[in-house]
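Note on naming: letters A, B, ... go to the chains in the order of the sequence lines (proteins, then strands), and numbering restarts at 1 for each one.
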2 protein chains.
Amino acid sequence: MTRTLQRQVTPPRIKRRALSIPAEFDSDPVVWAAWLYYEEGMTQEEVADQLGVSRASVVNFLQEARDRNIVTIAVSSRHLQTIGLAREVADAYGLTNCLVVPDDGGRLPVHERIGRAGARLLIERLQPDDVLGVSWGRTVQALSAALPEMNLPGVTVAQITGCSIGTTEFSPELCTSNIATRLGARCVNLHAPGIVSTAQIKRLFVQEPALVETFKIIRTSNKVLFGVGSVDDAGTAMRSGYMSPENIGPYVARGAVGVVSGRFIDHDGKPLLGALDNRMIGLTLDEIARVPERICIAGGADKIDAVFAALNNNYATILVTDVATARALVPRAARSSRTGVTRRP
Amino acid sequence: MTRTLQRQVTPPRIKRRALSIPAEFDSDPVVWAAWLYYEEGMTQEEVADQLGVSRASVVNFLQEARDRNIVTIAVSSRHLQTIGLAREVADAYGLTNCLVVPDDGGRLPVHERIGRAGARLLIERLQPDDVLGVSWGRTVQALSAALPEMNLPGVTVAQITGCSIGTTEFSPELCTSNIATRLGARCVNLHAPGIVSTAQIKRLFVQEPALVETFKIIRTSNKVLFGVGSVDDAGTAMRSGYMSPENIGPYVARGAVGVVSGRFIDHDGKPLLGALDNRMIGLTLDEIARVPERICIAGGADKIDAVFAALNNNYATILVTDVATARALVPRAARSSRTGVTRRP
DNA sequence: ACACCGAGTTGACATTTGTCAATTGTCTCG
DNA sequence: CGAGACAATTGACAAATGTCAACTCGGTGT
């Protein structure tokens with residue numbers, strides 16, 4: 001059998017009627033089953049006896065308990081940091097923190113795996129009154145999907161780049177609102193295009209009182225979450241209608257190796273300003289760099305150059321990546337420090 | 001698949017550790033196994049292939065991962081509140097919160113089950129700067145044993161009653177320090193006997209500067225955790241050498257039905273002061289009642305009267321108990337409100 | 001050099017868990 | 001009031017997991 005995810009996957013189940021149930025279950029047999037099985041370590045058969053149902057039903061109850069987050073099964077992100085490789089990367093680039101996701105032989109795409117680890121990390125780091133700025137991309141979207149339902153009304157999730165034209169699954173506005181919804185947090189969207197047609201128009205937009213308000217909130221972010229795009233792969237930024245080849249061309253010609261939150265960076269990670277920049281609406285790289293905690297989630301062979309550049313200029317304080325990328329990053333850091341490229345400690 | 005082949009096929013000399021293992025395990029195969037199995041939903045066999053070890057080893061790794069808290073499997077206490085019975089109890093006694101632990105047909109003793117649920121509840125409610133006052137008893141001890149290892153350096157755990165004579169497993173000083181250790185919290189012990197020989201001695205003790213300091217901290221508790229003892233069962237308080245039959249007798253004669261944090265209460269939950277009280281060192285019931293969040297963990301047939309009394313006088317804001325006790329409590333509350341016994345809303 | 005030890009690993013087997021098609025019970029609508 | 005639709009439940013089987021005695025391997029003492 002190749003449907004290897006079955007253990008975790010279930011069609012949504014909503015109502016439940018209790019008839020055979022001995023009046024003990026004033027409400028939820030699912031909770032009882034979960035308690036007896038996961039907390040007391042009964043076998044499913046014992047639970048079935050206790051509840052007076054068949055074992056098969058217990059299987060279903062437990063499945064539902066996982067789906068409804070009555071039980072949580074989580075690998076603590078703290079331990080992914082203890083992997084030696086994670087330490088090496090963190091040391092090499094002066095990160096406060098690095099998570100390296102184990103290799104799974106290609107079962108899940110890289111961004112999925114990184115997204116999950118990122119989700120774990122995020123919920124372990126979020127504090128009650130945080131303002132979390134989020135960028136966008138495939139990996140950020142994967143992270144949002146991996147978040148459990150929570151209830152953190154004190155947290156604010158803010159969109160730090162304007163919207164893309166086509167509303168794809170991983171557009172800035174959806175990434176933000178998905179994350180906010182999952183966390184039960186306040187959502188602050190940036191209601192403006194990410195790139196407008198002229199610098200003139202941009203000026204009009206950002207003077208608009210509603211947007212001024214929004215920007216005030218966005219700039220209070222004390223954490224940011226962003227992915228890193230490569231420019232080689234004709235990737236996310238373009239497929240999503242955010243940018244076009246004509247736009248990107250000049251930047252690449254001038255040495256752009258990656259994209260962070262819609263902005264180009266060169267090999268050293270320095271912002272590469274060009275024709276587009278004064279038409280972009282959203283936090284600038286310098287503004288992002290001033291946020292105290294900066295979580296970068298990115299990995300994959302095609303992104304190594306871009307991630308290296310981003311780390312090189314200290315955009316991230318925390319990196320979540322995969323083994324292959326981490327392996328590639330460590331020697332580069334060594335080489336670059338040997339060749340004297342500056343890096344803050 | 002049949003395994004007649006395997007013995008032949010298995011290459012006789014695969015080196016383990018440093019060689020067969022692709023240098024991936026800079027540190028911990030346990031973490032990798034946990035990730036692949038719990039987070040990505042691989043089967044143990046797939047994990048074994050990925051790691052290049054036998055499946056049996058993967059079983060061991062996963063076991064260790066659970067032991068070392070690399071993975072946590074937890075039933076969220078929030079859902080134990082959704083059980084109808086819990087709601088009824090909470091409503092009947094004006095609790096902000098009530099957890100009812102499912103029946104398990106007698107597999108585990110009541111105090112064990114309640115302790116586990118209490119542990120869950122506690123870690124979900126603790127805030128970074130809390131000062132948690134803890135009483136003592138079998139149930140409190142069970143709770144401490146069920147706590148996972150954590151790291152909460154901002155939290156203070158304070159002992160609210162003096163020490164017992166014989167140092168049993170569930171003595172005040174051990175309950176406190178066990179909880180503090182598990183939580184990674186600061187531990188404040190009350191270095192004095194719980195009961196001294198004369199009121200005179202007590203006065204001397206509590207004027208002692210070291211104790212005055214300690215009491216200052218204890219009185220800043222914003223949460224307390226306590227069990228409830230019955231007086232019938234010649235239970236905890238006596239077996240632990242804390243009290244003697246001669247001591248208890250007069251209180252019982254005057255209507256004591258329970259013990260909270262070493263102090264006697266009557267049927268209505270009112271403090272029953274007697275000969276012992278001015279020889280006791282620790283928070284008084286009135287002081288306990290002033291703490292904003294008061295978590296009571298108690299249950300079992302022999303304690304119903306005592307728990308009822310405690311709830312009746314609002315010592316608890318949160319109750320963790322078992323189904324049988326909860327069932328007994330609900331109708332009593334109804335009766336007592338019919339007969340006009342006052343109860344704050 | 002070699003017998004011994006203990007930690008860590010393994011294959012074989014027993015037990016537990018997941019799956020699925022068939023069944024039962026409930027509710028709706030003619 | 002009965003037929004049909006639908007969801008929950010189940011038993012039987014297949015797959016995955018836990019257990020354990022035997023084994024491997026690096027180190028240790030004689």
Among D/dT9, D/dT17, C/dT10, the one nearest any side-chain atom of B/Gln44 is D/dT17
Whole-Å distance, B/Leu62 CG to C/dT17 C1', equals 15 Å
Atom OH of B/Tyr38 and atom P of D/dT17 are separated, to the nearest Å, by 9 Å
Residues at least two apart in sequence or cross-chain that pass side-chain hydrogen bond (donor to acceptor under 3.5 Å, both in side chains) with B/Thr325, listed by chain then number, are B/Asp322
query: B/Tyr37 side chain N/O closer than 4.0 Å to the phosphate oxygens (OP1, OP2) of D/dA16?
result: no
When rounded to whole Å, the CG to P distance for the pair B/Leu36 and D/dT17 reads 13 Å
The side chain to side chain contact (heavy atoms under 4.5 Å, CB included) partners of B/Arg182 (sequence neighbours excluded) come to B/Leu147, B/Glu149
Margin query: Just to be sure I understand the rule, does B/Ser57 reach a base, reach only the sugar-phosphate, or reach nothing, if contact means heavy atoms closer than 4.0 Å?
Written below: base
A/Arg55 has its side chain closest, among C/dT17, D/dT9, D/dT17, to C/dT17
Separation of C/dT15 atom C1' from A/Met42 atom CE, nearest Å, is 17 Å
Here the salt bridge (Lys or Arg N to Asp or Glu O under 4.0 Å) pairs for residues 30-43 of chain A, sequence neighbours left out, are A/Glu39-B/Arg120, A/Glu40-B/Arg113
The nucleotide from C/dG11, C/dT17, D/dT10 with an atom nearest the side chain of A/Ser54 is D/dT10
Stems in DNA chain D, runs of 3 or more consecutive Watson-Crick or G-U wobble pairs with both distances under 3.5 Å, sorted by first number, are C:1-30 with D:1-30
From CG of A/Asn60 across to P of D/dG11 the rounded distance in Å is 13 Å
Do B/Glu46 and B/Gln50 pass the side chain to side chain contact (heavy atoms under 4.5 Å, CB included) test, and can you show the C-alpha distance, the side-chain angles, and the key distance before you say yes or no? CA-CA 6 Å; B/Glu46 292 173 301; B/Gln50 187 68 34; over 6 Å; no
The nucleotide from D/dA16, D/dG18, C/dT10 with an atom nearest the side chain of B/Val53 is C/dT10
Rounded to whole Å, the CD-C1' distance (B/Gln63 to D/dC20) equals 14 Å
Rounded to whole Å, CD of B/Glu45 lies from C1' of D/dA14 at a distance of 14 Å
Only one of B/Leu122, B/Leu99, B/Leu143, B/Asn97 passes side chain to side chain contact (heavy atoms under 4.5 Å, CB included) with B/Ile295, and that residue is B/Leu122
Give each protein N/O atom lying under 3.5 Å from an N/O atom of nucleotides 21-23 of chain C, with the pair distance.
none

For A/Arg186, the salt bridge (Lys or Arg N to Asp or Glu O under 4.0 Å) test, sequence neighbours excluded, returns none
Sequence neighbours excluded, the answer for side chain to side chain contact (heavy atoms under 4.5 Å, CB included) partners of B/Thr181 is none
Residues 59-68 of chain B vs salt bridge (Lys or Arg N to Asp or Glu O under 4.0 Å), sequence neighbours excluded, gives B/Asp28-B/Arg68, B/Glu64-B/Arg68
Contacts of A/Pro153 meeting side chain to side chain contact (heavy atoms under 4.5 Å, CB included) (sequence neighbours excluded), chain-then-number -> A/Asn151
Whole-Å distance, A/Phe61 CZ to D/dA8 P, equals 10 Å
